[in-house]
Visitor: 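Dumping the structure here so I can ask a few things about it.
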Amino acid sequence: MLREFLRKVPLFDCLDEAELESLAALTVARTYDKGQMIILADDVGESFFMIRQGEVKISIVHEDGREMIFSMLGPGQVFGELALLDGRPRSANVVALRDSELVSLRRRDFLQLLCDKPGVATAMLAELASRLRLMDEKIEGLALWDVTSRVSRTLVQLAADLGVETAEGMRLDNRPTHQQLANMSGTTRETVTRVLNRLEEQGYVRSCGRSLVIVRDEGMGPLEQLHPASSKAAK
């Protein structure tokens with residue numbers, strides 16, 4: 001049921017059962033095939049999206065064909081709110097990385113919800129602030145960090161967004177390709193391959209088929225472990 005899904009979306013923690021039921025009646029569920037375009041940059045924004053199943057990529061493509069990936073999002077995460085808040089065109093492309101089911105809410109219903117429920121508006125502000133901090137960190141990384149630190153931080157963020165915690169560490173299933181990691185880290189595919197090989201040799205990560213595990217270190221969580229260690233791995 002859509003109500004059960006909406007209950008798991010952090011933005012709607014402040015809503016009671018009746019309100020969730022009313023919200024569910026306003027939403028529309030739709031499936032997208034792997035590789036299908038969901039949002040095209042510069043289009044008019046008319047819907048806010050929540051990921052029920054699957055995974056999406058948010059990116060921009062330069063006129064010369066180079067792609068910069070901002071994030072990859074999975075179940076329970078949301079996107080598409082900026083264009084609804086300021087009325088301006090979409091700022092990035094969104095593509096389904098896997099067969100996905102998305103739940104959408106129309107702009108007028110979304111804005112009415114923010115007016116009626118200040119708790120949702122507060123949660124939305126917190127979400128936007130978190131994304132702004134991540135963007136600031138990405139800009140700082142591109143300007144100041146070495147390539148190993150950038151790739152490591154990208155893995156940390158992906159694990160936080162999409163990872164599954166296990167006894168060994170944080171596991172990324174269906175991990176991004178080396179080219180996708182390069183597009184997120186501001187480097188090349190060949191460099192990502194060298195960095196991942198080095199991190200694996202030093203025991204920070206472990207490859208297992210299509211999965212990648214950020215290995216847990218004794219006394220330190222897997223996400224804390226990888227990023228601070230990246231400066232040592234770069235040597």
Visitor: To check you understand the geometry: which heavy-atom pair defines the closest contact between Gly203 and Val215, and what is its length?
Guide: O-CB, 3.6 Å
Visitor: About how many Å separate CD of Gln202 and OG1 of Thr148, when rounded to the nearest 0.5 Å?
Guide: 8.5 Å
Visitor: Under 3.5 Å, is there a donor-acceptor pair between the side chain of Thr31 and the main chain of Glu101?
Guide: no
Visitor: Indicate, with yes or no, if Leu15 and Leu111 share a hydrophobic cluster defined by side-chain heavy-atom contacts under 4.5 Å among Ile, Leu, Val, Met, Phe, Trp and Tyr.
Guide: yes
Visitor: Do Met72 and Asp161 have side-chain heavy atoms sitting under 4.5 Å apart?
Guide: no
Visitor: Do the side chains of Met50 and Leu85 join up, straight or via other hydrophobic residues, at under 4.5 Å, putting them in one cluster?
Guide: yes
Visitor: Where do Ser130 and Arg133 land on the side-chain hydrogen bond (donor to acceptor under 3.5 Å, both in side chains) test, with the steps shown first?
Guide: CA-CA 5 Å; Ser130 176; Arg133 289 180 186 275; over 6 Å; no
Visitor: Any side-chain heavy atom of Glu67 within less than 4.5 Å of one from Gln180?
Guide: no
Visitor: Assess whether a salt bridge exists between Glu4 and Arg7, defined as any Lys/Arg side-chain N lying under 4.0 Å from an Asp/Glu carboxylate O.
Guide: yes
Visitor: Can you list the steps and then say if Phe49 with Val94 is a side-chain contact (heavy atoms from CB on, under 4.5 Å)?
Guide: CA-CA 11 Å; Phe49 295 90; Val94 183; over 6 Å; no
Visitor: Determine the minimum heavy-atom distance between Asp146 and Ser149, stating which atoms define it.
Guide: OD1-N, 2.8 Å
Visitor: Counting C-beta onward and ignoring hydrogens, is there a side-chain heavy-atom pair between Leu26 and Phe110 closer than 4.5 Å?
Guide: no
Visitor: Do the side chains of Met37 and Ile69 join up, straight or via other hydrophobic residues, at under 4.5 Å, putting them in one cluster?
Guide: no
Visitor: Taking side chain as C-beta onward, heavy atoms only, is Leu162 less than 4.5 Å from Asp173?
Guide: no
Visitor: Test side-chain contact (heavy atoms from CB on, under 4.5 Å) on Asn183 and Gln179; report intermediate values, then the result.
Guide: CA-CA 6 Å; Asn183 292 348; Gln179 185 61 61; 3.0 Å; yes
Visitor: So how far is it from His178 NE2 to Thr193 OG1, rounded to the nearest 0.5 Å?
Guide: 4.5 Å
Visitor: Hey, is the main chain of Gly209 close enough, under 3.5 Å, to the side chain of Ser211 for a donor-acceptor pair?
Guide: no
Visitor: Are Leu102 and Phe5 connected in a single hydrophobic cluster, I mean Ile/Leu/Val/Met/Phe/Trp/Tyr linked by side-chain heavy atoms less than 4.5 Å apart?
Guide: no
Visitor: So do Phe79 and Ile51 actually touch side chain to side chain, heavy atoms under 4.5 Å?
Guide: yes
Visitor: Is the shortest side-chain heavy-atom distance between Val213 and Cys208 below 4.5 Å?
Guide: no
Visitor: Please round to the nearest 0.5 Å and tell me the distance separating atom CD of Gln77 and atom CG of Leu11.
Guide: 11.0 Å
Visitor: Which heavy atom in Val147 sits nearest to a heavy atom in Thr187, and how many Å separate them?
Guide: CG2-OG1, 3.5 Å
Visitor: Are any side-chain N or O atoms of Glu200 and backbone N or O atoms of Asn197, one a donor and one an acceptor, separated by less than 3.5 Å?
Guide: no
Visitor: Do Leu20 and Val78 land in one hydrophobic cluster if side-chain heavy atoms of ILVMFWY residues count as linked below 4.5 Å?
Guide: yes
Visitor: Could you check whether the rings of Phe12 and Phe48 sit parallel, tilted or perpendicular, using 30° and 60° as the cut-offs?
Guide: perpendicular
Visitor: Can you tell me how far the OG atom of Ser185 sits from the CZ atom of Arg153, to the nearest 0.5 Å?
Guide: 11.0 Å
Visitor: Atom OG of Ser91 and atom CZ of Phe70: how far apart are they, to the nearest 0.5 Å?
Guide: 7.0 Å
Visitor: Would a distance-only check, ignoring hydrogens and angles, find a side-chain to backbone donor-acceptor pair under 3.5 Å from Gln157 to Thr154?
Guide: no
Visitor: So do Leu84 and Leu105 actually touch side chain to side chain, heavy atoms under 4.5 Å?
Guide: no
Visitor: Does Arg175 offer a backbone N or O that forms a donor-acceptor pair with the side chain of Arg210 under 3.5 Å?
Guide: yes
Visitor: Any pair with a residue in residues 79-92 that passes salt bridge (Lys or Arg N to Asp or Glu O under 4.0 Å), sequence neighbours left out, goes on the list, sorted by first then second residue, please.
Guide: Glu81-Arg131
Visitor: Is any side-chain heavy atom of Leu181 less than 4.5 Å from a side-chain heavy atom of Leu158?
Guide: yes
Visitor: I'd like to know if the side chain of Asn93 reaches the main chain of Leu40, judged simply by a donor and an acceptor atom lying under 3.5 Å from each other, with no hydrogens or angles considered.
Guide: no
Visitor: Going by the rule salt bridge (Lys or Arg N to Asp or Glu O under 4.0 Å), which residues pair with Asp109 if we only count those two or more places apart in sequence or in a different chain?
Guide: Arg106
Visitor: Restricting to non-hydrogen atoms, name the atom on Ser59 and the atom on Ala92 that form the minimum distance, rounded to 0.1 Å.
Guide: O-CB, 3.4 Å
Visitor: Minimum heavy-atom separation for Gly45 to Ala83, with atom names?
Guide: CA-CB, 3.9 Å
Visitor: Counting only N and O atoms by type, is there a donor-acceptor contact under 3.5 Å from the side chain of Arg3 to the main-chain atoms of Glu17?
Guide: no
Visitor: Restricting to non-hydrogen atoms, name the atom on Ile38 and the atom on Val95 that form the minimum distance, rounded to 0.1 Å.
Guide: CD1-C, 4.1 Å
